[in-house]
Novice: 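Dumping the structure here so I can ask a few things about it.
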Amino acid sequence: MRAVVVVAGRTPVSFDLRERVMPFLPFGDPDQVRVQHWTSADRTVELFAATNEPGGELITVDAHGHASSYVGQMDEPVSFVPDRHLHRETARRSGRFAAIAVDAAGHRVSAATSPSGADPLFIGESHDLTVIASWAAAAHSVITDRAGDIAYDPIAVASLVNNGFLVTRRTPFRGVRSLPPHSTALVSSGRSSLTSGLAEHISSQRPVDDPLLEQLEDAYIGAFRPMRSWDPPISISLSGGKDSRLVLTGLLGQGLEVTTSTVDLGGTNRADVETAERVARAAGVPHTTRASSPGHGEDRRTVDVLSSTRRTLRLSEAMLHGDVQFNEPGPFRPRGVTLAGGGGEILRGGYGHGLFSPRLPPTPSFSRRAQASRWNRHRDLLRADVADGVAHDIREALSTDGVDLSGAQVLDHAYVSFRNACWLSMSARAHSPTSTALYPACDNRLALAALASDAAQRSSEQVVHELMRRRSPKLARMPFAADEWSFDRSVRLRVRRLWQKRLQRRGQRMPTQAPNRDWRLRFHTSLREEFRHEILDGPGSEALFEIVDRDRVKRAIDDDSWGPPRDTQLAFNLYTAAVLLSGTWTDPSLPGRPREVRLAQA
């Protein structure tokens, strides 16, 4: 994991920056952490970087004295020069990263985010300084000067209640905001300004032709280039879906040695297992099917939802709900590199995926209304003043910097700005303290090329199908376990029927997906009581009911039918907000409340 913080003051920086921010960086083993500082001659600007990853400089200084650093993974690390349009420079380079650059005199600071938004940066300002950091809580600690005393933003917490992640530039830490994807924040002479290029870039989209497909193909295969340094073979988990098949296509496109495997969950994922085996045979790669871990078939399990929610809040900086679970950070494992398919929705049109054909695109007003309704789905539970603030933030989130976008492009812009830059980025970050997670679909060059191609075509999956067909025709033709290509329903049905006939001739049946068992889908009585207690009577309840309406929430919870499967997300969202506002999430040493639950059979 890498972290970077830059402070630009109107007067010399007088506090210990390392001491201020390190408590908010979740390095698993402090003994592994390396740090590096750079300070301007007049001490008004300080750049701080830390990592638990081995090797390499954290801050580079070029021949002219310009200092720069980055977070994420850069294919070939280079130095950057501060500029109002630094995001254009970083977007042209392979890797998934955001960068910060400072001039030699410390008079100009630039911070550039990536086109995919997968490595966010956060900005906060006080009366005498500006801070930009890769961790929002660290930025908050700088501008508030109150270690351990967090001031929460109620509108951001309401967004968490609505969605389970944030759809606002706010963060849960009052006074700290996230920078938009593909943008540059410039701090000069004590003033900050923002140049956002995402909407402008999306507005220049063009129909996908052969030259653009070749550019996309080159960027996609190039995104897997860092794996050339891995020890062969590269092992990936193969399912019956699209993302793992796309990853396999990219690895084979780099000429890498690959092995695949699938976990057999005791028959509940038979469709995935059978499809994965066929995909591996078609690709000509070794494949193994592994039995599930012990305990998978049990009807009961002991879970500690309080401890897991606190851990998720720590690792995602309170920007993801507790339904998303992560392991507690430990020592960084240099060889513990994982390959992830997250971010692939950029190639499939994001929020517009599967909804529209190129012949019937949505209008901009329809897209904004539909997305606003999705992002404010639990508005009836919010207090009136908070609901007004949330509605204002959603209108701001759906604005496109005065750039005219089509309906499909509005959905494109919304997906990258929030689902990718707020949900995926926090999920990726939560895995980063202990190992390196590579997300090829979020590569800067690939995201830039994808967002230059027609959103409606991508939403119909024509583009990603053509990318796969060019490299692996057999894989593009083969049906998925529980999904289909979206671009032409008649084609999908014909392909599926032909596949069914082929299997029938062999005496086989089309695989069907059996229901998975998940304790989060149906609560045992004791766990329902855990949720009710924390929401209604926990240490964060009083603060929570300054955001949501107590009577409406209580009526919902007192309903015997409340909870999963009908209200799974709302249950976790309210619970997570209550734990967040209690403040107990910051202390990993606090005891939890283990409870026994029945596993869902639904």
Side-chain angles (χ1 to χ4, degrees), residues 23-24 26 28 137 148 150 152 156-166 172-173 295 298 300-330 378 381 423 426-427 429-431 433-434 517-548 550 553-554 556-558 562-565 567-600:
F24 297 94
I150 299 174
Y152 295 105
V157 177
S159 184
L160 191 66
V161 170
N162 259 328
N163 302 281
F165 67 99
L166 302 189
F173 312 102
E298 297 175 357
R300 296 173 181 268
R301 180 179 300 172
T302 299
V303 300
D304 187 347
V305 69
L306 179 59
S307 293
S308 66
T309 298
R310 288 171 177 165
R311 182 166 57 248
T312 294
L313 287 170
R314 285 195 299 274
L315 293 175
S316 70
E317 294 206 284
M319 298 187 208
L320 290 181
H321 64 175
D323 190 24
V324 187
Q325 300 182 7
F326 307 99
N327 295 324
E328 191 68 50
H378 300 303
L381 292 181
W423 186 88
M426 291 299 107
S427 179
R429 171 170 293 179
H431 289 103
T434 55
R517 300 153 59 87
D518 189 339
W519 65 266
R520 289 167 293 188
L521 297 180
R522 183 170 296 135
F523 291 168
H524 185 258
T525 303
S526 61
L527 194 55
R528 180 176 280 111
E529 289 306 314
E530 164 70 26
F531 272 58
R532 286 174 170 166
H533 165 75
E534 193 67 28
I535 294 169
L536 296 179
D537 303 307
S541 299
E542 183 177 347
L544 176 64
F545 290 125
E546 293 178 3
I547 297 170
V548 298
R550 178 189 295 268
V553 170
K554 190 173 186 303
I557 292 177
D558 286 342
W562 183 81
D567 302 304
T568 301
Q569 187 185 64
L570 178 58
F572 273 100
N573 293 357
L574 286 168
Y575 185 89
T576 303
V579 176
L580 165 64
L581 296 170
S582 74
T584 62
W585 62 279
T586 61
D587 187 353
S589 67
L590 291 177
R593 285 194 293 264
R595 294 182 185 267
E596 185 181 77
V597 297
R598 289 194 183 99
L599 300 184

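All values below come from the heavy atoms of this structure, side chains included, with hydrogens, waters and symmetry mates left out.
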Novice: If you compare all heavy atoms of G583 against all heavy atoms of Y152, which two are closest, and at what distance to 0.1 Å?
Specialist: CA-OH, 3.9 Å
Novice: Checking the side chain of N163 only, and the main-chain atoms of S159 only, is there a donor and an acceptor separated by less than 3.5 Å?
Specialist: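 Yes, the answer is positive, given that a donor and an acceptor are paired below the 3.5 Å cut-off.
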Novice: Find out whether L166 and P172 are in side-chain contact, i.e. whether some heavy atom of one side chain is under 4.5 Å from a heavy atom of the other.
Specialist: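 L166 vs P172: side chains touch.
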Novice: Which heavy-atom pair separates T434 from G330 by the least distance, and what is that distance?
Specialist: CG2-N, 3.0 Å
Novice: Regarding N162 and H378, is there a side-chain donor-to-acceptor distance under 3.5 Å anywhere?
Specialist: no
Novice: Strictly distance-based, threshold 3.5 Å: is any side-chain N or O of E534 a donor or acceptor partner for the main-chain N or O of V579?
Specialist: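 Checking the backbone N and O of V579 against the side chain of E534, no donor-acceptor pair under 3.5 Å is found.
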Novice: Quick one: does F545's side chain get under 4.5 Å of L536's, heavy atoms only?
Specialist: yes
Novice: Just to verify, which of T309, T576, N573 counts as forming a side-chain hydrogen bond (donor to acceptor under 3.5 Å, both in side chains) with H321?
Specialist: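 So the option named by the test is N573.
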Novice: Is the closest basic N to carboxylate O distance between E529 and R595 below 4.0 Å?
Specialist: no
Novice: How many angstroms lie between atom OG of S316 and atom CZ of R311, to the nearest 0.5 angstrom?
Specialist: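 Rounded to the nearest 0.5 Å, the OG-CZ separation comes out at 12.0 Å.
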Novice: On a heavy-atom basis, which atom in P433 and which in P26 lie closest, and how many Å separate them?
Specialist: CB-O, 3.4 Å
Novice: Any sub-3.5 Å donor-acceptor pair from S308's side-chain atoms to V305's backbone N or O?
Specialist: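 Side chain of S308 to backbone of V305: a pair is present.
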Novice: Mind listing the closest non-hydrogen atom pair of A543 and L581 along with its distance?
Specialist: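 Reported closest heavy-atom pair: C-CD1, 3.7 Å.
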Novice: For the residue pair F173 and E317, establish whether any side-chain heavy-atom pair is separated by less than 4.5 Å.
Specialist: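 Sidechains of E317 and F173: in contact.
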Novice: When rounded to the nearest 0.5 angstrom, what is the spacing between CG in L313 and CG in L320?
Specialist: 9.0 Å
Novice: So, do I150 and T586 sit near enough that their side-chain heavy atoms are less than 4.5 Å apart?
Specialist: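 When only atoms from C-beta onward are counted, T586 and I150 do touch, with a gap below 4.5 Å.
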Novice: Taking all heavy atoms of A318 and all of L580, pick out the closest pair and write down the distance.
Specialist: CB-CD1, 3.4 Å
Novice: Please name the pair of heavy atoms, one in A158 and one in I547, separated by the smallest distance, quoted to 0.1 Å.
Specialist: CB-CG2, 3.9 Å
Novice: Does R314 have any side-chain hydrogen bond (donor to acceptor under 3.5 Å, both in side chains) partners at least two apart in sequence or in another chain, and if so, which?
Specialist: E328
Novice: Between S541 (side chain only) and I535 (backbone N and O only), is there a donor and an acceptor less than 3.5 Å apart?
Specialist: yes
Novice: Hey, does M319 have a side-chain heavy atom less than 4.5 Å from the side chain of L160?
Specialist: no
Novice: Counting N and O atoms only, with roles assigned by atom type, does the side chain of R593 sit under 3.5 Å from a partner on the main chain of L306, one being a donor and the other an acceptor?
Specialist: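 Not confirmed, R593 side chain does not pair with L306 backbone.
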Novice: Treating S427 as the side-chain partner and W423 as the backbone partner, does any N or O pair qualify as donor plus acceptor under 3.5 Å?
Specialist: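 No, because the side chain of S427 does not come within donor-acceptor range (under 3.5 Å) of the backbone of W423.
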Novice: Classify the ring geometry between F572 and F531 as parallel (under 30°), tilted (30 to 60°) or perpendicular (over 60°).
Specialist: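 F572 vs F531 ring planes: perpendicular.
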Novice: Between F326 and H431, does the ring centre distance come in under 6.0 Å?
Specialist: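 Between H431 and F326, which both carry aromatic rings, the centre distance is below 6.0 Å.
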